[in-house]
Amino acid sequence: MNTSDKHPVNVSRTVERLVAGQATSDGAGVKLTRVLTHNLQQRLDPFLMLDAFGSDQADDYIAGFPDHPHRGFETITYMLAGRMLHKDSAGHEGLLENGGVQWMTAARGVIHSEIPQQEEGVMEGFQLWLNLPKRDKMNAPWYRDFKNAELPKFVTEEGVAVTVIAGESQGIGGAVTRDTTQPNYLDLHLPAGARFAQKLPAGHNAFVYVYRGEVSIAGKAVPVQRMAILANDTLADGVVIEARADAKVLLISGQPLHEPIVQYGPFVMNTQDEIYQALSDFRDGRLGESA
Ligand code: FE
């Protein structure tokens, strides 16, 4: 029995568009590639941003991200290699390293820092921003970090190693689930020639980011360091990813909120007035207060 027997996807979604992302820097000068940029927020609702960082040059990451605020959404950091220390105004502290995931729900407000704990070597990973529904934006912050060994994993009959960061795949529940946005976040390691099928509700927005090797989706090649936005084909019941070489990819999907998105830097709310409120709360030292 192979995976497609166990969880058949009859019709795969197609690739609507390939995106290369934009080289930029953030924090105190950390070099990164913004894969999911501002202009794709509506299309990929409920996701607001995906940054990929990866360098063996300390100058590219050493300054890290000193104290800065967030309000209105969740940040999910997946650290493939390297060591980063997180500290925040809600009293959480955690060392993120080597395959670990940090899930931070900023909600009404967190001020935090993310500082590298290494002076050389490779630092590589991803930060995804997931929006919160309007009714949850002013909830209390929440935080958890997961060591790599704590993340749910399985290997398919075809040898695809799957890490279920959020959501569900082939009956395996992810480290985190969310009722409203229903994020599904998988890291897939595919040997050359292997296929992986994932069921996806037609209304959910979905994308694939290839960070090693090359895959094809419904006959379309997706090369390394490209995001494939998957079409919301009404007849498709999922996606089938085929590895053209040994490949590593993120498969991310979620249920769109269909609410207004107003972003000002690290604040993502529904109205301009709520942004002004966030700015004044931050200026007055009220943003990171507990209750
Ligand atoms: Fe941050």
Side-chain angles (χ1 to χ4, degrees), residues 13 15-26 30-37 40 44 47-57 60-61 75-84 96-103 114 116 121-130 146 148 151 153 155-156 158-167 169 174-175 183-196 198 205-217 220-230 239-254:
R13 290 193 187 201
V15 175
E16 176 177 300
R17 189 179 156 191
L18 293 181
V19 175
Q22 292 170 5
T24 184
S25 68
D26 209 338
V30 178
K31 285 192 184 155
L32 51 84
T33 300
R34 188 143 294 160
V35 178
L36 196 173
T37 47
L40 293 171
L44 294 176
F47 302 101
L48 299 165
M49 193 186 86
L50 176 69
D51 283 346
F53 50 92
S55 179
D56 58 3
Q57 301 297 311
D60 290 346
Y61 59 73
T75 68
I76 300 128
T77 309
Y78 182 27
M79 196 75 166
L80 296 175
R83 292 157 55 80
M84 187 94 93
L96 190 59
E97 59 183 339
N98 302 334
V101 167
Q102 178 208 72
W103 196 294
E114 300 153 292
V122 176
M123 166 107 32
E124 182 180 16
F126 305 96
Q127 188 171 81
L128 178 70
W129 287 12
L130 169 62
F146 301 88
N148 185 266
L151 296 169
K153 295 186 181 78
V155 179
T156 71
E158 293 190 36
V160 180
V162 182
T163 303
V164 191
I165 295 169
S169 184
N184 214 87
Y185 187 164
L186 308 180
D187 182 19
L188 307 171
H189 296 187
L190 305 102
R195 300 188 336 145
F196 180 80
Q198 173 73 26
N205 291 326
F207 60 95
V208 168
Y209 181 75
V210 179
Y211 67 95
R212 295 284 191 283
E214 179 170 319
V215 301
S216 74
I217 297 170
K220 170 93 174 167
V222 187
V224 73
Q225 292 177 348
R226 290 294 180 280
M227 170 170 71
I229 297 177
L230 303 182
V239 62
V240 179
I241 299 170
E242 301 186 54
R244 294 191 165 196
D246 288 352
K248 296 184 180 180
V249 312
L250 308 179
L251 168 58
I252 296 172
S253 66

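Legend: residues meeting side chain to side chain donor-acceptor pair (under 3.5 Å) with E16, ordered by chain and number and at least two apart, are R43. Here T37 pairs with N39 under the side chain to side chain donor-acceptor pair (under 3.5 Å) rule; sequence neighbours left out. In this view, F126 and Y209, Y211 satisfy the ring-ring contact (aromatic ring centres under 6.0 Å, His included) rule, not counting sequence neighbours. Remark: R83 engages E97 in a side chain to side chain donor-acceptor pair (under 3.5 Å) (not counting sequence neighbours). Looking at residues two or more places apart in sequence or on another chain, you find no side chain to side chain donor-acceptor pair (under 3.5 Å) involving Q22.
Between atom CE of residue M123 and atom CE of residue M79 there is a gap of 4.0 Å, rounded to the nearest 0.5 Å. Note: D187 CG to N148 CG = 9.0 Å, rounded to the nearest 0.5 Å. Atoms NZ and CG, on K248 and L190 in that order, are 11.0 Å from each other to the nearest 0.5 Å. Note: L128 CG to L36 CG = 7.5 Å, rounded to the nearest 0.5 Å. Rounded to the nearest 0.5 angstrom, Q198 CD and L230 CG are separated by 11.0 Å. With rounding to the nearest 0.5 Å, the separation of CZ in F146 from CG in L96 is 11.5 Å.
Side-chain atoms of E158 come within 3.5 Å of backbone atoms of R195 as a donor-acceptor pair (strictly under, hydrogens ignored). Proximity of a side-chain donor or acceptor of D246 to a complementary backbone N or O of A192 within less than 3.5 Å is detected.
Residues L186 and V164 are in side-chain contact: their nearest non-hydrogen atoms beyond the backbone lie under 4.5 Å apart. Residues V35 and F207 fail the side-chain proximity criterion, which asks for heavy atoms closer than 4.5 Å. With a 4.5 Å cut-off on side-chain heavy atoms, L18 and P223 count as touching. A 4.5 Å side-chain heavy-atom check between L40 and I229 finds at least one atom pair inside the cut-off.
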Would E114 and Q102 satisfy side-chain hydrogen bond (donor to acceptor under 3.5 Å, both in side chains), going step by step from the backbone distance to the final call? CA-CA 11 Å; E114 300 153 292; Q102 178 208 72; 5.5 Å; no

Run the side-chain contact (heavy atoms from CB on, under 4.5 Å) check on R226 and V15 step by step: do they pass? CA-CA 12 Å; R226 290 294 180 280; V15 175; over 6 Å; no

Acceptor/donor pairs from residues 47-54 side chains to any protein atom, 3.5 angstrom cut, sequence neighbours excluded:
from: D51; atom 1: OD1; to: R34; atom 2: NE; distance (Å): 2.7
from: D51; atom 1: OD2; to: R34; atom 2: NH2; distance (Å): 2.9

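The shortest heavy-atom contact between L44 and A206 is CD2-O, 4.2 Å.
More than 12 heavy atoms of other shown residues, nucleotides or ligands fall within 6.0 angstrom of atom NZ in K153.
Checked for salt-bridge contact, R212 and E124 meet the test: a charged N lies under 4.0 Å from a carboxylate O.
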